[in-house]
Amino acid sequence: MQPLPPSWAERDATVVAPDLLNKVARLGGRLARITEVEAYTQDDPASHSFRGLTPRNAAMFGAPGHWYVYLIYGMYHCLNLVTGGVGDGQAVLIRAVIVDGVEPRRTSGPGRLCRELAVGRELDGANAELFDDGVPPPTSPLISSRVGITKAADWPRRWRLG
DNA sequence: CAACAGATTCTCT
DNA sequence: GAGAATCTGTTGT
């Protein structure tokens, strides 16, 4: 289990996103293998950072390698990894993970994985613990358009294993 | 200050 | 495939 250095996230979200697949994150004392991600940059109309810095998305403009957690639809949390440089407003949304001993369906879906791993706003702005366990991805990443959003949904910025 | 859309999921039909 | 649950930031009056 090799810890990823802070500089690891200091690249464009569209570069970090596919690289994040099959990496391992420590969340709530548990290890989660990332299987699906989505990239968001400031020029993306669907990104929270598109209209500039607000108290809610402040973490997204903060230091890369930290978490950005927000509440969506008043009931679900979504977990993102801040990427690029300070002030860039970039992040990678974690859409699905695999946790040892947990039904995959309980951790697939951005809202579901946060509920299962007890991810809340207290993680917003916290340092992200990421590891590379050296295990090669079972398959090459598949690129596809995004779901769940209405703006620029056809941008090919979603990557998944499988 | 009121209105509204939204990076979701569940529960029906 | 449609509707509800539920709240925050943004925009308009």
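What's counted below: heavy atoms across the whole structure, side chains too, no hydrogens, waters or symmetry copies. First the proteins, then the strands, lettered A, B, ... as listed; each starts at 1.
Stretches of at least 3 consecutive Watson-Crick or G-U wobble pairs, with each checked distance under 3.5 Å, appear in DNA chain C as B:1-6 with C:7-12, B:8-12 with C:1-5.
Side chain of Met75(A), nearest nucleotide from dT10(C), dT8(B), dA5(C): dA5(C). Residue Tyr76(A) places its side chain closer to dC10(B) than to any other of dC7(C), dT6(C), dC10(B). Among dT9(B), dT8(C), dT10(C), the nucleotide with an atom closest to any side-chain atom of Arg121(A) is dT8(C). Looking at the side chain of Tyr73(A), the nearest of the listed nucleotides dT9(B), dT10(C), dT6(C) is dT6(C). Among dT10(C), dC7(C), dT8(B), the nucleotide with an atom closest to any side-chain atom of Leu71(A) is dC7(C).
Contact annotation for Asn57(A): no contact, since no heavy-atom pair falls under 4.0 Å across all strands. Counting any heavy atom pair closer than 4.0 Å across all strands shown, Arg146(A) reaches no nucleic acid atom.
Counting heavy atoms from C-beta on, the side chains of Thr83(A) and Tyr40(A) never come closer than 4.5 Å. Put simply, the side chain of Pro110(A) does not reach to within 4.5 Å of the side chain of Glu38(A), judged on heavy atoms. Side-chain atoms of Tyr70(A) and Asp124(A), non-hydrogen and from C-beta on, never get closer than 4.5 Å to each other.
In this entry the distance linking NE2 of His77(A) with C1' of dA5(C) reads 14 Å, nearest Å. Distance Arg51(A) CZ to dC4(B) P: 17 Å, rounded to the nearest Å. Glu116(A) places its CD atom 15 Å from the C1' atom of dT9(B), with the value rounded to the nearest Å. What separates CZ of Arg106(A) from P of dT9(B) is a distance of 14 Å, to the nearest Å. Atom CG in Asn80(A) sits about 18 Å away from atom P in dG6(B), given to the nearest Å. For Ile72(A) and dC10(B), the CD1 to P distance is 15 Å, given to the nearest whole Å. Taking atom CZ of residue Arg105(A) and atom C1' of nucleotide dT9(B), one finds them 11 Å apart after rounding to whole Å. With rounding to whole Å, Tyr70(A) atom OH is found 9 Å from dT8(B) atom C1'.
Distances shorter than 4.0 Å separate some side-chain N or O of Arg115(A) from OP1 or OP2 on dC10(B). Between dT10(C) and Arg56(A), no contact under 4.0 Å exists linking OP1 or OP2 to a side-chain N or O.
Looking at Asn22(A), its side chain does come within 3.5 Å of a backbone N or O of Val135(A) through a donor-acceptor pair. Put simply, the side chain of Asn57(A) gets close to the backbone of His48(A): a donor and an acceptor are under 3.5 Å apart. Looking only at distances, a side-chain donor or acceptor of His66(A) sits under 3.5 Å from a matching main-chain atom of Gly125(A).
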> Is there a side chain to side chain contact (heavy atoms under 4.5 Å, CB included) between Arg33(A) and Asp133(A) once you walk through the steps?
Replying inline: CA-CA 10 Å; Arg33(A) 182 177 305 275; Asp133(A) 63 0; 2.5 Å; yes

